[in-house]
Amino acid sequence: RCATGAEQSPAMIRAALLIPLFMLGCKGQQQVQDTESVPVAAQPPEWVRSRPVSSAYYIGIGIGNKAKAEATETARKNALDQLAQEISVRVEGNSILFTADGRNRFDETFTSTIKTTTQEQLEGYELVDSWDSPTEHWVYYRLSKSEHARLKAQRKAAAIGTALDHHQRSIAGAASGDLRTAMDQDLRALIAMKAYWGENDLVDLNGKQVPLVNEVFGHLQGLSAGIRISVLPDRCELDYDNHFKRELLITATWGDGKNTNDLPQLPLRIGYAGLDGPVSEAKSTDGEGRLRLSVQRASVSQSGNEVLVRPDMDALVSKELEPAIVTALIGSLTVPQARAPITVRLPRVQLKAQESNLGVAVGDAGIAAIMREELTRSGFRLVEREADAEVLLVLNAATRPGGEANGFATAYLDLTYSFQDRKTKDIIFQGAKQSVKGIQLSPEKAGLDAFKKAGQEVRREMVPGIISAFQ
């Protein structure tokens, strides 16, 4: 039989009370387990939420997108870029970059150079922390300001020592007339100091305290400005008597106001307007600083044509030096040059013409009038007397009938011409046109049409060929 509530034993009562408690405990445990099975994003650290500020450290925070490859490396690079940007450089009042001239010429180059150099010279940085969100990887780097200053001071001292050595070699090269070595060594000195162009770099030089980079750059400017180029004769006259060819003597020297030295093996760039387009030549002086230059086939039509001679600064510079910095430095220099005006005197010409249209003289309707006009326009001087001429132009032109058909007449023109030296009678240039066809309503008009067509060819082809032949 079943026991009544009054008859239940104490053990049974305790068991009844424990069962709900046990179930409650199991349920609580299940809830804890369920909660732990659902991941919850960790809260970002304080340095992610708010960028740290420190008087003792440079700080760099970098982020990498996990959707892209190498997120960790990207975050690291971005953090180090920030470190480099924090290490700012203040341009000192006595630096090469402080002057207006320096700012205009070197600011962009300096900014790029100093950023690259700072990134390359980062040492002693440490990883403080990293953190991952579902989409990004974050890193926190820092660099001790005192340690950075110590390492930088070491590097700067070494750079100053190297630059001083190069500069002393440059001074010795200039004293011996070796311009190539002198410029090369000054450029190497400036490159050695490239990370410190904007900083105070006072050094003791010959018993005086001077800003090193300014001193070296000033010496480099003096090397360039001290070059002297001379051209003899100072005018280049080309004429028929010298066969439109002239030899010029170019001399290169260098002086500092006290001494003057020849510049042997100095690379030069030489240019002038040529008959077939711009002429540009690369030459070098000989062992005595001289160069003999042959000028020929110069343009007849170019107004103000001249021979321009200047040092080839690019050829003076070693190709192993840093191009971006060297280009900025060389481009800032004053480079002396020499000019020799070119005068082309075409010969005096007497024109002898025999022209006929079907046996009748054509007068001004022929080729002679066109040739006279074109030759005069091109610079030839036409004279009436043979004794005044240097060259004789003999022109023969005649038409012959070609027949008639369908109410139209045809005529053909045969043309020959030759340029002869008046004294020697040697043929300088000759040409011909055969069977230039003319068509009109009558044979006479057909002949004149052939003259007209031949005249167009004379303007377009013959006269340019004649001018070229004379040179």
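What's counted below: heavy atoms across the whole structure, side chains too, no hydrogens, waters or symmetry copies.
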Check your understanding: With a 4.5 Å limit on heavy-atom distance, are the side chains of Arg150 and Ser144 in contact?
Key -> no
Check your understanding: Crowded around Lys145 NZ? As in, over 12 foreign heavy atoms under 6.0 Å?
Key -> yes
**Study point:** Tyr272 side-chain N/O to Gln296 backbone N/O, donor-acceptor pair under 3.5 Å
**Key:** yes
Review point. If we only count heavy atoms from C-beta on, is the Leu268 to Leu293 side-chain gap below 4.5 Å?
Key: no
Check your understanding: Closest approach of Glu288 and Pro264, non-hydrogen atoms and distance?
Key -> N-CB, 4.5 Å
Practice item. Using only heavy-atom distances, determine whether the side chains of Thr181 and Arg169 contain a donor-acceptor pair under 3.5 Å. Key: no
Check your understanding: Do Ile61 and Gln82 touch side chain to side chain, with heavy atoms closer than 4.5 Å?
Key -> yes
Point to revise | Non-hydrogen atoms of Glu386 and Arg422 that approach each other most closely | key: O-CD, 2.7 Å
Practice item. Look at the rings of Phe419 and Phe429 and say which category their plane angle falls in: under 30° parallel, 30 to 60° tilted, over 60° perpendicular. Key: tilted
Check your understanding: Do His167 and Asp186 have side-chain N/O donor and acceptor atoms under 3.5 Å apart?
Key -> yes
Review point. Are side-chain heavy atoms of Leu275 and Phe244 found at a separation under 4.5 Å?
Key: no
Study note, to complete from the structure: Closest non-hydrogen contact found for Ala340 with Pro233 is CB-O, 4.5 Å
Review point. For Asp241, does the CG atom sit with more than 12 other heavy atoms under 6.0 Å from it, leaving out its own atoms?
Key: yes
Review point. Quick check: does any side chain N or O of Asn357 sit under 3.5 Å from a backbone N or O of Glu444, one acting as donor and the other as acceptor?
Key: yes
Practice item. Answer yes or no: is there a side-chain heavy-atom contact under 4.5 Å between Leu333 and Met313? Key: yes
I'd like a table of donor-acceptor pairs (distance under 3.5 Å, sequence neighbours excluded) in which one partner is a side-chain atom from residues 408-418, with atom names and distances.
unit_1 : atom_1 : unit_2 : atom_2 : d
Asp414 : OD1    : Arg400 : NH2    : 3.4
Asp414 : OD1    : Ser435 : N      : 3.0
Asp414 : OD2    : Arg400 : NE     : 2.8

**Study point:** Salt-bridge present (Arg155, Glu123; N to O < 4.0 Å)
**Key:** yes
Review point. Would a distance-only check, ignoring hydrogens and angles, find a side-chain to backbone donor-acceptor pair under 3.5 Å from Asp165 to Thr162?
Key: no
Check your understanding: So with a 6.0 Å cut-off around CD of Gln354, is the heavy-atom count from everything else above 12?
Key -> no
Exercise for review: Drop me the distance from Asp312's CG to Ser284's OG, to the nearest 0.5 angstrom.
Suggested key: 8.0 Å
Practice item. State whether the side chain of Asp201 and the backbone N or O of Val213 hold a donor-acceptor pair below 3.5 Å, judged by distance alone. Key: yes
Check your understanding: Looking only at atom types and distance, does a side-chain atom of Arg246 sit under 3.5 Å from a main-chain N or O of His243, one as donor and one as acceptor?
Key -> no
Review point. Do side-chain atoms of Glu247 reach the backbone of Arg292 as a donor and acceptor pair under 3.5 angstrom?
Key: no
Study note, to complete from the structure: Rounding to 0.5 Å, atoms CZ (Arg459) and CD (Glu374) come to a distance of 4.5 Å
Point to revise | Side chain Arg345, main chain Tyr240, donor-acceptor under 3.5 Å | key: no
Review point. Taking Asp449 for the side chain and Ile439 for the main chain, is one N or O donor matched with an acceptor at less than 3.5 Å?
Key: yes
Review point. Does a salt bridge link Arg51 with Glu86, judged by any charged N lying under 4.0 Å from a carboxylate O?
Key: yes
Review point. Quick one: OG on Ser318 to CD on Gln185, what's the gap to the nearest 0.5 Å?
Key: 10.0 Å
**Study point:** Under 3.5 Å donor-acceptor, Thr343 side chain and Glu237 backbone
**Key:** no
Exercise for review: Work out which heavy atom in Leu263 is nearest to a heavy atom in Thr285; give both atom names and the distance.
Suggested key: O-OG1, 2.7 Å
**Study point:** Minimum heavy-atom distance Leu351-Ala368, with the two atoms named
**Key:** CD2-O, 3.7 Å
Review point. How about Ile229 and Leu266: do any of their side-chain heavy atoms sit closer than 4.5 Å?
Key: yes
Check your understanding: Is the number of heavy atoms from other residues, nucleotides or ligands within 6.0 Å of NZ (Lys425) greater than 12?
Key -> yes
Check your understanding: How long is the span from the CG atom in Asn396 to the NZ atom in Lys352, to the nearest 0.5 Å?
Key -> 11.5 Å
Review point. Just how far is it from atom NZ of Lys423 to atom CD of Glu390, taken to the nearest 0.5 Å?
Key: 8.0 Å
Review point. What pair of heavy atoms forms the shortest contact from Thr376 to Arg372, and how long is it?
Key: OG1-O, 2.8 Å
**Study point:** Basic-acidic side-chain contact under 4.0 Å: Lys77, Glu70
**Key:** no
Exercise for review: Check whether any side-chain heavy atom of Cys236 sits under 4.5 Å from a side-chain heavy atom of Leu248, and report yes or no.
Suggested key: yes
Practice item. Could you walk me through whether Asn305 and Val344 pass side chain to side chain contact (heavy atoms under 4.5 Å, CB included), step by step? Key: CA-CA 9 Å; Asn305 197 8; Val344 179; 5.9 Å; no
Exercise for review: Output yes when Asp276 and Arg297 qualify as a salt bridge under the 4.0 Å nitrogen-oxygen rule, no when they do not.
Suggested key: yes
**Study point:** Within 6.0 angstrom of Lys453 NZ, more than 12 heavy atoms from elsewhere
**Key:** yes
Practice item. Report the C-alpha separation of Thr334 and Gln221 in whole Å, then their side-chain angles, then the decisive distance to 0.1 Å, and conclude whether the side chain to side chain contact (heavy atoms under 4.5 Å, CB included) test is met. Key: CA-CA 7 Å; Thr334 299; Gln221 287 178 312; over 6 Å; no
Please output the side-chain donor-acceptor pairs of residues 252-260 that fall under 3.5 Å, not counting sequence neighbours, one pair per line with the distance.
unit_1 : atom_1 : unit_2 : atom_2 : d
Trp254 : NE1    : Leu223 : O      : 2.9
Asp256 : OD1    : Lys258 : N      : 2.9
Asp256 : OD1    : Asn259 : N      : 2.9

Point to revise | Given Leu187, Asp184, Ile330, Leu179, the one that forms side chain to side chain contact (heavy atoms under 4.5 Å, CB included) with Leu316 | key: Leu179
**Study point:** Expected output: side-chain Ser332 to main-chain Leu329 donor-acceptor under 3.5 Å
**Key:** yes
Exercise for review: Go through the steps for Glu215 and Lys208 under the test salt bridge (Lys or Arg N to Asp or Glu O under 4.0 Å), then give the verdict.
Suggested key: CA-CA 11 Å; Glu215 184 74 13; Lys208 294 191 300 182; over 6 Å; no
Check your understanding: For Lys283, does the NZ atom have more than 12 heavy-atom neighbours from other residues, nucleotides or ligands under 6.0 Å away?
Key -> no
Exercise for review: Report yes if some heavy atom in the side chain of Leu83 is under 4.5 Å from a heavy atom in the side chain of Leu80; otherwise report no.
Suggested key: yes
Review point. Could you go step by step and tell me if Ile227 and Val335 meet the side chain to side chain contact (heavy atoms under 4.5 Å, CB included) rule?
Key: CA-CA 8 Å; Ile227 299 172; Val335 181; 5.8 Å; no
Exercise for review: Run the numbers on Gln168 and Leu205 for side chain to side chain contact (heavy atoms under 4.5 Å, CB included), then give the verdict.
Suggested key: CA-CA 10 Å; Gln168 293 295 346; Leu205 193 62; 3.4 Å; yes
**Study point:** Glu384, CD: over 12 other non-hydrogen atoms inside 6.0 angstrom
**Key:** no
Check your understanding: Out of curiosity, Asp286 CG to Leu291 CG, how far, rounded to the nearest 0.5 Å?
Key -> 7.5 Å
